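Have a look at the structure below, then the notes.
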Amino acid sequence: MSERKKVTLPALFAKLAEGTPITWLTCYDYPTAHLQEQAGIDMILVGDSLGMTMLGFDSTLPVTMEDMIRHTAAVRRGAPTAWLVGDMPYMSYQPSVESAIRNAGRFMAEAGCDAVKLEGGAEMADRVAGIARAGIPVIGHLGLTPQSVSALGGFRLQGKGAAQAKKIVDDAQALEEAGAFCILLELVPDRVCRLITERAKHCIIMSLGSGPDAHGQLLIYHDAFALYPKFKPRMAKVFADAGAVIRDGLTAYVDEVTARTFPQPDNWFGIKDEEYDELVRLLG
Ligand code: KIV
């Protein structure tokens, strides 16, 4: 049982007010959620990155609402007190304000979320406003927005030039004015992130590969623990090589079963002699 009090919106803003960075990681399953809860993580994002990290697709686009609800509810069971954010998958909010509100509501009602996140700037302000008006805390996502990876020309730094950086600053302002309580900046230059953080009035700015000057940091769990086999982005520090630990364990399992050194008597259960004798008698 977790002893921590539930993380709330006022608790997140209290951290911001006292200047303590907010911690945020992605998570997609029950056992990992349990570990993150034990570590005292403030926020958990069930990202549609699960399409890549958990399902092996090359992008996030094939992920459905059903995938998201299933994984998010599992994470909630493992992390009852973290501030849980459901990531709205591709085409769950782009078609209309109504689709955005309905699907945001599903994250809250069916998966036990505290908030939802969606990608895009001023063009998504009406979706953000609609969700916020429905009483659902909503997070914007600017910079590298993986659902638009094709239009952005790949997984690369956004806002390198002044004009593109100004658009990100303007988009952040539009999202805050529309009612976003938090904005994630993914892969934008550090000084652009700092500018947006300084200009935010009542909005938590989080950084993913956008430098140290936001109100907190997000990392993709699989990058931070060496669990994604295809690549490791430069922005991700590997905090522990869980991939190597698991691989070594798997090799040991294969070796021990092959050598008949596993299982040992501790790993199985016997039957009393009289029961076994009776069994043999019954079988004739
Ligand atoms: O899906 C996800 O994990 C995300 C991160 C890349 C921020 O949106």
Side-chain angles (χ1 to χ4, degrees), residues 22-29 32-33 36 41-65 67-72 74-75 79 82-94 100 103-104 107 111 113-121 124 127-128 138-152 154-159 168 171-172 175 180 182-188 193 196 204-211 214-225 227-228 230-237:
I22 294 169
T23 57
W24 196 11
L25 275 175
T26 65
C27 183
Y28 318 97
D29 62 75
T32 309
Q36 293 195 11
I41 197 87
D42 294 313
M43 295 171 61
I44 289 178
L45 171 67
V46 183
D48 64 353
S49 51
L50 73 81
M52 299 170 75
T53 56
M54 301 294 286
L55 304 177
F57 292 118
D58 285 333
S59 81
T60 60
L61 304 193
V63 176
T64 65
M65 272 303 292
D67 294 330
M68 293 304 302
I69 296 286
R70 189 71 158 176
H71 283 267
T72 309
V75 169
W83 180 261
L84 181 62
V85 182
D87 198 16
M88 301 196 67
Y90 188 54
M91 288 302 144
S92 68
Y93 58 97
Q94 287 94 340
N103 286 315
F107 272 109
C113 279
D114 297 300
V116 297
K117 172 175 90 56
L118 54 78
E119 299 180 8
M124 287 297 149
R127 274 67 163 177
V128 167
V138 54
I139 300 178
H141 180 170
L142 297 171
L144 173 59
T145 45
Q147 290 175 17
S148 311
V149 68
S150 177
L152 296 177
F155 292 94
R156 56 165 70 148
L157 184 68
Q158 300 296 311
I168 297 173
D171 280 342
L175 292 178
C182 174
I183 295 170
L184 170 67
L185 299 178
E186 178 172 353
L187 221 49
V188 309
C193 176
I196 293 172
I204 297 169
I205 306 299
M206 298 294 289
S207 160
L208 171 54
S210 302
H215 299 124
Q217 297 291 325
L218 169 67
L219 275 182
I220 305 277
Y221 175 77
H222 282 59
D223 295 337
F225 294 93
L227 289 166
Y228 187 61
K230 287 192 180 161
F231 59 84
K232 183 196 100 48
R234 187 191 126 187
M235 64 196 182
K237 174 178 170 182

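For reference, positions follow the sequence shown, starting with 1. Just so you know, these numbers come straight off a predicted model, no measurement behind them. Indexing begins at 1, ligand by ligand and atom by atom, following the structure's order.
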Checklist entry - Near Glu186, which atoms of ligand 1 are under 4.0 Å from a heavy atom of that residue? => result 6 (C), 7 (C)

Next on the checklist: Testing the basics here: between Trp24 and Ile44, what is the closest heavy-atom pair and its distance to 0.1 Å?
Outcome noted: NE1-C, 3.4 Å

Checklist outcome for this item: For Leu218, the atoms of ligand 1 under 4.0 Å from one of its heavy atoms are 7 (C)

Item to check | Test item, Leu45 contacting ligand 1 (heavy atom, 4.0 angstrom) | outcome: yes

Checklist entry - Where the side chain of Asp87 meets the backbone of Val46, is there a donor-acceptor pair that is under 3.5 Å apart? => result no

Item to check | Leu184 neighbourhood, listing ligand 1 atoms whose heavy-atom distance to it stays under 4.0 Å | outcome: 7 (C)

Checklist entry - Please state which protein non-hydrogen atom is closest to atom 8 (O) of ligand 1 and give its distance, to 0.1 Å? => result Lys117 NZ, 2.9 Å

Checklist entry - What do you reckon, does Thr26 have a nitrogen or oxygen under 3.5 Å from a nitrogen or oxygen of ligand 1? => result no

Checklist entry - Do Ser210 side-chain atoms and Val188 backbone N/O form a donor-acceptor pair below 3.5 Å? => result yes

Item to check | Subset of ligand 1 atoms that lie under 4.0 Å from at least one heavy atom of His141 | outcome: 7 (C), 8 (O)

Checklist outcome for this item: So the atoms of ligand 1 within less than 4.0 Å of a heavy atom of Ile220 turn out to be 3 (O), 5 (C), 6 (C)

Checklist entry - What are the atoms of ligand 1, with element, lying closer than 4.0 Å to any heavy atom of Ser49? => result 1 (O), 2 (C), 3 (O)

Next on the checklist: Tell me whether the count of non-hydrogen atoms from other residues, nucleotides or ligands lying under 6.0 Å of CZ in Phe225 goes above 12.
Outcome noted: yes

Checklist entry - So, does Asp48 use its side chain to make a donor-acceptor pair with the main chain of Val63 at under 3.5 Å? => result no

Checklist outcome for this item: Here the atoms of ligand 1 under 4.0 Å from any heavy atom belonging to Asp87 are 1 (O), 2 (C), 4 (C), 8 (O)

Next on the checklist: Just checking Lys237: does its NZ atom have more than 12 heavy atoms from other residues, nucleotides or ligands closer to it than 6.0 angstrom?
Outcome noted: no

Checklist outcome for this item: side-chain hydrogen bond (donor to acceptor under 3.5 Å, both in side chains) test vs Tyr93 passes for just one of Glu119, Gln147, Arg127, namely Gln147

Next on the checklist: Within ligand 1, which atoms have a heavy atom of Gly47 less than 4.0 Å away?
Outcome noted: 1 (O), 2 (C), 3 (O)

Item to check | Asp223 bridged to Lys232 by N-O distance under 4.0 Å | outcome: no

